[in-house]
Student: 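Structure below; questions to follow.
This is a predicted model, so every value here is computed, not measured. By convention in this document, chain letters (A, B, ...) are assigned in the order of the sequence lines, proteins followed by strands, and residues within each chain are numbered from 1.
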Amino acid sequence: MTPLPSNKLQEAFSSRLTGSQQKAVFHLDGPLLVIAGPGSGKTRVITFRIAALIDSGVPPYNICAITFTNKAADEMRQRAVALGASGGAHISTFHSLCVRILRRYAAFAGVNPNFSIYDDSDQLKCIKQAIADCGFDTANFPPARMLDAISTLKNKLIDDDTFKHQADDFFSKTLSKIYLRYQQILKDLNALDFDDLLMDAAFLLEKHSEVRADLGNRFKFLLIDEYQDTNHAQYRIAKALASAHNNICATGDPDQSIYRWRGADIRNILDFERDWPNTLVVRLEENFRSTPGILEVADRLIAHNHSRKEKRLIVTMPSAGRVAIEQYEDEAAEALGIAENIEKLVAEGVTLGKIAVFYRVNAQSRALEEVFIRSKIPYQIVRGVEFYNRKEIRDVLAYLKVFVNPADRVALLRIINTPARGIGKTTIDKLQNFAARRNIGLYEALKHISNILSISKTTAAKLIAFLTMIEGFKKQVPLDIGDSPDIKSKIENRKFSVASLAELVFSESGLEQSLAAEGAEGKDAIANIESLISAAARYDQETENPSLVDYLQRISLFSDVDAYDTSAERVALMTLHSAKGLEFDNVFIVGVEDGLLPHERSVDFDDETEEERRLFFVGITRAKTNLCITFAKYRQIRGQLLRTVPSQFLFELGLSFSESTRSVVPESCFLGPEQGTHFQSEKESFVSSCLGGEKNYKSSIINHKLSPRFHRGDIVVHKKFGIGTVKDFADMGENSVVTVAFNTGQTKSLHLKFAKLVKI
DNA sequence: GCGAGTTATGTTTTT
DNA sequence: CATAACTCGC
């Protein structure tokens, strides 16, 4: 029964694959784990395997490949076809796959297939209501924190009912109540959040053997890329999908696991061999991407992670390019320096599409953007979801969501008075009360408006006009026919267009009119909606059977990198997380400072610092030829100009400290493989020169150089509170707290880190 | 009911 | 600093 690709194909592939890659690609039967470093061709192995499977006679229909982003799925699809594989294999992300499964087996899963998918801001509204419904205060139970806790539970497949029985302490019991209520709200609104997609799909597969058998029969070969970043729910889904045949192939690199904070469980990859007996493990250790200098730096960095199996990166590329570390005064100078570097590269003949800048947090893109605009360097910020988060876009989409899923109260509340049509808070409250009393949905309540006595005739008329308008739009939407082909063919005579419906909504709802009346800002908004409509038109064109539900569910799962236009000759700006899976000839990594990378929210725990190190490792290993790492002496954070401390990671790369300029690097320095051995000793001397053998060099630098000290009785000026007298000073280095009695009469304890206090 | 203006607040990474 | 959540006057 072992399928085998034709000799012709084996030969063709063999010339393009290394020995270990061949071993992985042609081991078509039974579990396979590919553990491989960056740039070793993990994704390539999966793509080739798809082609090999199809060539060996497996129908494409029986193949299911899971990628980390939709973008990666698209690329894999194209590359497989380029290798001669016919289309038809299912390639998607876990989330997209789950949506398909939940829709197809909606009856088993107990969901209405027209469900809305709720993102953070929708979730926030629901959790706030859940907290309020339970009689708790959002001050004691921060909505975001609660959502986070619930998300963690869902990723572990602990549903609200299960959690109720294991909650034993006060916090858990409170959380349990909120969790139960939150799930009830989502259910009432026929909505699923991102984590529900995975959890519900996992339970569906585990509880219904017929579904499992059906899907096991459908997907006879399961391939999963980036396995190190799967969470427990995804693991259980994979387990269920492969249970019938054990034809599972996973590829991953524990050193590139960067989503632990989101529930990714590194044990999934570490325990793979235990989970699937008789696994063939293939290690790909050669790196075909980066030059030796880059790999040496990467290797040196990742070696500082203790909880890791040692793994070498074997160099195959010739020595070329450079690794530079540059220090700047502040983020503006840093951005300017990068712009100059880019101009130099361009002068050498490099095209902009081969350059990328990575940063830890999205806010860092601003400084770069400003300079790039001034320097006239074309760039693209890789932030796909941002577009769909714009107010006007969300407004149009909310209309569409209501057509498909009238129970979606979040969407309905958004549009009921957008644009303003005289339906205010009081009316909405009355409507909600009525709906709650009758135990019906809000949309249902609109239909019984005449029964709400407290609502005046004129207001009722407005509500009726709104309802009539929505009902009119809904007539344009064909009934959702799901996946059943027999009914499908009967209704097929008319091709539905999302774009024309969106256009109709825009012009007829009054949105266009109200935006047009707004002037310049409205103009931008109109332009955005127009590009939404053209994107929808593209969807109509590319999709065989465009449907509104499918469209809405699809854009809900849109990720940042999905918007990345690889063909554009523009510098790509993105977060280190988004950079995963990509590669560029020239890479800049900015803001490598303590508190930013590693991020301040992660420095308290060693395992989190290790994840930050992996994140930096991922960034470094994206570079093929040139790598430039930058940091600044001062950085504006949340409006405050702060003196920064170079990241500990810089020393781990082997940076030296210049005593004469008291800076970490004179102006810039180059690291290369030949410099190797000296770094450790130089780091030691740097630390001891700063603090004479103490361990915590971070705060010492600040104390030494810039943290002013205050004494009782000092007169100080504060930006906001004015003049005052120092009452107390708690010297804690960068965390020092000053207590000041201001002349306004108030006494304040201020963190030196944040407050700008000047001694006079 | 509505919008302008003010004040509090919270700050990572994302499918 | 940037945004969400308020207040207030029309």
Student: State which of dT14(B), dT11(B), dT15(B) makes the closest approach to the side chain of H577(A).
Tutor: dT14(B)
Student: According to a strict under-4.0 Å criterion, is N70(A) in side-chain N/O contact with OP1 or OP2 of dT15(B)?
Tutor: no
Student: Hydrogens and angles aside, do Y379(A) and E369(A) bring a side-chain donor and acceptor to less than 3.5 Å of each other?
Tutor: yes
Student: Can you figure out which of dT14(B), dC2(B), dT13(B) approaches the side chain of R262(A) most closely?
Tutor: dT14(B)
Student: Please list, pair by pair, any protein nitrogen or oxygen found under 3.5 Å from a nitrogen or oxygen in nucleotides 3-7 of chain B.
Tutor:
none

Student: Check every strand shown and say whether L198(A) touches a base, only sugar-phosphate, or nothing at a heavy-atom separation below 4.0 Å.
Tutor: nothing
Student: Give D195(A) one of three labels, base, sugar-phosphate or nothing, depending on what nucleic acid heavy atoms sit under 4.0 Å from its own.
Tutor: nothing
Student: Please tell me which of the listed nucleotides, dT15(B), dT12(B), dT14(B), lies nearest to the side chain of R601(A)?
Tutor: dT12(B)
Student: So which nucleotide from dC1(C), dA5(C), dT15(B) ends up closest to the side chain of T93(A)?
Tutor: dT15(B)
Student: Between E612(A) and R360(A), does any side-chain N to carboxylate O distance fall below 4.0 Å?
Tutor: yes
Student: For K462(A) and for S602(A), find the nucleotide of DNA chain B with the closest heavy atom, then tell me which residue's nucleotide is more 5'.
Tutor: K462(A)
Student: At less than 4.0 Å, is any side-chain N or O atom of T69(A) found next to OP1 or OP2 of dT15(B)? Yes or no.
Tutor: no
Student: Any salt bridge between D225(A) and K42(A), counting N to O under 4.0 Å?
Tutor: no
Student: Consider the side chain of Y259(A), meaning its heavy atoms from C-beta on, and name the nucleotide among dT14(B), dT11(B), dT15(B) that approaches it most closely.
Tutor: dT14(B)
Student: For D120(A) and dA4(C), give me the distance from atom CG to atom P, rounded to whole Å.
Tutor: 13 Å
Student: Between dT13(B) atom P and E386(A) atom CD, what is the distance in whole Å?
Tutor: 11 Å
Student: Could you measure the distance from the OG1 atom of T93(A) to the CD atom of E226(A)? Nearest 0.5 Å is fine.
Tutor: 12.5 Å
Student: Could you state the CD-C1' distance from Q123(A) to dT14(B), rounded to the nearest angstrom?
Tutor: 11 Å
Student: dA4(C) and dT13(B): how far apart are their P atoms, nearest whole angstrom?
Tutor: 15 Å
Student: For D148(A) and dT13(B), give me the distance from atom CG to atom C1', rounded to whole Å.
Tutor: 12 Å
Student: Please answer whether the main-chain N or O of D229(A) pairs with a side-chain N or O of N268(A) as donor and acceptor at a distance below 3.5 Å.
Tutor: no
Student: Using modelled atom types only, decide if a donor and an acceptor are shared between the side chain of N405(A) and the backbone of A191(A) within a distance under 3.5 Å.
Tutor: no
Student: Check this for me: does any side-chain nitrogen of one of R308(A) and E610(A) sit under 4.0 Å from a carboxylate oxygen of the other?
Tutor: no
Student: When you check the gap from the basic side-chain N to the acidic O, do R145(A) and D148(A) get nearer than 4.0 Å?
Tutor: no
Student: Determine the contact category for S556(A): base if any of its heavy atoms lies under 4.0 Å from a base atom, sugar-phosphate if only primed atoms, P, OP1 or OP2 are that close, otherwise nothing.
Tutor: nothing
Student: Could you check whether R394(A) pairs with D119(A) (Lys NZ or Arg NE/NH1/NH2 to Asp/Glu carboxylate O, under 4.0 Å)?
Tutor: yes
Student: It should be established whether R366(A) places a side-chain nitrogen or oxygen under 4.0 Å from OP1 or OP2 of nucleotide dA2(C).
Tutor: yes
Student: For S559(A) and dT15(B), is the shortest distance between a side-chain N/O and OP1 or OP2 below 4.0 Å?
Tutor: yes
Student: Nearest-Å distance, CD (Q640(A)) to P (dA2(C))?
Tutor: 13 Å
Student: Measure from the side-chain heavy atoms of F194(A) and tell me the nearest of dT12(B), dT14(B), dT15(B).
Tutor: dT15(B)
Student: Without decimals, in angstroms, what is the distance between K580(A) NZ and dT13(B) P?
Tutor: 17 Å
Student: Would you check if the side chain of Q364(A) reaches a backbone N or O of V361(A) as a donor-acceptor pair within less than 3.5 Å?
Tutor: yes
Student: What is the distance, rounded to the nearest whole Å, between atom CG of N389(A) and atom C1' of dT3(C)?
Tutor: 13 Å
Student: Can you measure L124(A) atom CG to dG10(B) atom P for me and round it to whole angstrom units?
Tutor: 12 Å
Student: Stacking between H599(A) and dT12(B), defined as ring centres under 5.5 angstrom apart with planes under 30°, is that present or not?
Tutor: yes
Student: Is there a stack between F68(A) and dT15(B), judged by ring centres under 5.5 Å and planes under 30°?
Tutor: no
Student: Hey, which of K633(A), R643(A), R635(A) is the one that makes salt bridge (charged side-chain N to carboxylate O under 4.0 Å, His left out) with E593(A)?
Tutor: R635(A)
Student: At 4.0 Å (heavy atoms only), tell me whether D119(A) reaches a base, stays on the sugar-phosphate, or touches nothing.
Tutor: nothing
Student: Side-chain N or O of K128(A) versus OP1/OP2 of dA5(C): is the shortest distance under 4.0 Å?
Tutor: yes
Student: Does this structure show an ion pair linking D408(A) with R414(A), if we count only N-O contacts that are shorter than 4.0 Å?
Tutor: no
Student: Looking only at side-chain atoms of N417(A), point me to the closest of dT15(B), dC2(B), dT13(B).
Tutor: dC2(B)
Student: Name the nucleic acid region contacted by S96(A), choosing base, sugar-phosphate or nothing; use a 4.0 angstrom heavy-atom cut-off, strictly under.
Tutor: nothing
Student: What residues in residues 223-231 of chain A put a non-hydrogen atom under 4.0 Å from any atom of DNA chain B?
Tutor: none
